[in-house]
J.: 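For reference, the structure I am asking about is given below.
Here the structure is a predicted model, which means the values were calculated and not measured. When reading the values below, keep in mind they use all heavy atoms of this one structure, side chains included, and skip hydrogens, waters and symmetry mates. Proteins get letters first, then strands, A, B, ... in listed order; numbering begins at 1 in each.
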Amino acid sequence: MAKVTMTVNGRQVSGHCDDRTLLVQFIRENLGLTGTHVGCDTSQCGACVIHMDGKSVKSCSILAAQAAGSTITTIEGLAADGELHPVQAAFKANHGLQCGFCTPGMVMTAVDMIRRHQGQLDEATVRAELEGNICRCTGYHNIVKAILAAAAEMSGARVAAE
Amino acid sequence: MYETQYHRASSVQDAVSRMEAAGEGKYVSGGMTLIPTMKQRLAAPSDLIDLRHIAEMQGISVNGRSVRIGAATTHDEVASAAALKAVCPAICHLAGHIGDPHVRHMGTIGGSIANNDPAADYPAAVLALGATIVTNRREIAADDFFTGLFETALEDSEIITAITFDAPAKAAYQKFANPASRYAMAGVFVAKRDNGEVRVAVTGAGANGVFRQMDMEAALAANWSPDALATVSVDATDLLSDLHADAAYRANLVKVMAKRAVAAA
């Protein structure tokens with residue numbers, strides 16, 4: 001058993017777990033944050049995507065011990081003051097989900113993608129960036145629409161702020 | 001996953017000491033191959049020694065045309081390094097097409113090369129660039145490093161600390177990705193030096209892992225153009241044959257990818 005400490009959604013947390021505990025298990029079972037999903041468990045599907053030190057990663061392919069000391073954001077950490085994050089709002093407005101199982105990973109991926117491309121996205125780029133996320137319901141069309149809408153809104157907001 | 005004991009190494013020396021004290025230890029860097037392999041119980045190291053936080057293994061330096069990439073540098077960092085893109089855009093392009101964005105945020109060049117997966121992308125770049133693999137003990141030429149499927153010249157507890165090479169005059173990498181796994185079914189890295197020397201390395205297709213295609217090297221040294229490859233025949237004898245593609249199909253892919261790479265260089 002190891003004691004693992006990290007910052008999750010702005011709060012310092014620690015817990016005891018086996019060294020072999022996956023980060024996604026630690027998040028779901030030790031911390032009770034079940035928004036992060038386990039889909040394939042073979043690092044293909046991206047339902048478990050979270051941000052570690054500001055970058056999207058697959059939490060089913062990382063040990064909690066590897067993530068000790070890092071800063072983690074999960075889907076639960078996106079909304080601020082009861083307001084949906086612009087990406088969450090865009091998924092809702094564009095019907096970017098059906099069953100919703102892949103959605104936490106899709107949203108976390110979209111936030112990371114928009115940050116890295118500074119909101120400058122086109123459809124082909126979004127589709128290429130979704131390489132590591134699988135959705136079996138939507139055919140991706142509305143997910144792509146939602147991400148493009150969020151990117152446009154977020155870069156508009158940034159321009160307005162500047 | 002079987003039980004394992006996790007260690008975070010603070011330096012290369014610390015990592016070596018921990019490995020030497022371990023029963024059946026393994027180094028882990030990004031872990032993008034090793035952790036999934038352990039989850040499937042195909043690997044069961046008694047100890048995992050994490051190299052990801054070792055400062056001396058991080059970062060990219062470009063000095064004129066001489067490049068050094070720390071072994072713990074992630075694919076994403078290589079893909080987006082402006083100084084590297086200025087002298088060798090081919091390796092940035094290659095790194096930006098490994099796996100998916102999340103894998104690229106964790107996976108490292110040292111890990112990829114040490115693992116020597118026959119369908120991994122980096123071995124083709126390292127071999128075609130004639131790179132040097134720097135370890136905690138010695139420097140190994142790429143030609144001597146890759147010794148077979150998942151096999152390298154690394155000895156027990158030896159650690160890759162960096163990859164160094166001189167930027168080529170021209171280079172490019174093209175791969176034909178498996179539609180499901182996205183691993184290369186054939187990937188070809190071509191590089192031309194200022195002195196006219198050409199190296200062509202093929203990944204994803206060889207039954208013994210990455211290899212140099214000498215006939216293509218000779219043809220391209222004489223005439224650096226996709227057309228020069230028209231008369232080169234790729235021998236299918238030592239190529240992989242599996243349910244994704246038989247050896248003859250891969251032989252054709254090697255040629256098509258090589259032509260595309262020369263055209264893109």
J.: Counting heavy-atom pairs closer than 4.5 Å to chain B, which one of A:Gly69, A:Ala128, A:Cys60, A:Ala2 comes out on top?
T.: A:Cys60
J.: Let me confirm one number: the CD1-CG distance from B:Ile35 to A:Leu23, rounded to the nearest 0.5 Å.
T.: 11.0 Å
J.: Does B:Glu24 CD have over 12 foreign heavy atoms under 6.0 Å away?
T.: no
J.: Do you know which of A:Ser56, A:Gly46, A:Ala68 has the most heavy-atom pairs with chain B at a distance under 4.5 angstrom?
T.: A:Ser56
J.: Considering heavy atoms only, which positions within residues 103-128 of chain B lie below 4.5 Å of chain A?
T.: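 Within residues 103-128 of chain B, the residues that come under 4.5 Å of chain A (heavy atoms only) are B:His105, B:Met106.
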J.: Do B:His102 and A:Asn133 have side-chain atoms, one donor and one acceptor, less than 3.5 Å apart?
T.: yes
J.: Side chain, backbone, both or neither: which part of A:Val57 has a non-hydrogen atom closer than 4.5 Å to chain B?
T.: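 Interface part for A:Val57: both.
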J.: At a 4.5 Å cut-off on heavy atoms, which part of B:Leu48 comes close to chain A: side chain, backbone, both, or neither?
T.: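 For B:Leu48, the side chain is the part near chain A, not the backbone.
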J.: Chain A contacts: which residues in residues 2-21 of chain B have a non-hydrogen atom closer than 4.5 Å to it?
T.: B:Tyr2, B:Glu3, B:Thr4, B:Gln5, B:Tyr6, B:Arg8
J.: Mind ranking A:Leu130, A:Asp53, A:Asp112 by heavy-atom pairs under 4.5 Å with chain B and telling me who comes out on top?
T.: A:Asp112
J.: Between the main-chain N or O of A:Ser43 and the side-chain N or O of B:Lys39, is there a donor-acceptor pair closer than 3.5 Å?
T.: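 No, the answer is negative, given that no donor and acceptor are paired below the 3.5 Å cut-off.
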J.: Taking heavy atoms only and a threshold strictly under 4.5 Å, list by residue number the residues of residues 75-111 of chain A that touch chain B; give 'none' if the list is empty.
T.: A:Thr109
J.: Could you look at A:Met52 and say if it's the side chain, the backbone, both or neither that has a heavy atom under 4.5 Å from chain B?
T.: side chain
J.: Restricting to non-hydrogen atoms, name the atom on A:Gln66 and the atom on B:Ser29 that form the minimum distance, rounded to 0.1 Å.
T.: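 Shortest heavy-atom contact: NE2-O, 3.9 Å.
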J.: I'd like to know whether CG of B:Asp156 has more than 12 heavy-atom contacts from other residues, nucleotides or ligands below 6.0 angstrom.
T.: no
J.: Of all the residues in residues 13-22 of chain A, which have a heavy atom that comes within less than 4.5 Å of a heavy atom in chain B?
T.: A:Asp19, A:Arg20, A:Leu22
J.: Mind checking the CD-CZ spacing from A:Glu131 to B:Arg182? Nearest 0.5 Å is all I need.
T.: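 Going from the CD atom of A:Glu131 to the CZ atom of B:Arg182 covers 4.5 Å.
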J.: Check B:Met32 against A:Ser61 and note the closest heavy-atom contact, atom names and distance.
T.: CE-O, 3.5 Å
J.: How far does NZ of A:Lys58 sit from CG of B:Asp100, to the nearest 0.5 angstrom?
T.: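 Spacing of NZ (A:Lys58) from CG (B:Asp100) equals 3.5 Å.
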J.: For B:His53, is it the side chain, the backbone, both or neither that has a heavy atom under 4.5 Å from a heavy atom of chain A?
T.: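 Only the side chain of B:His53 comes within 4.5 Å of chain A.
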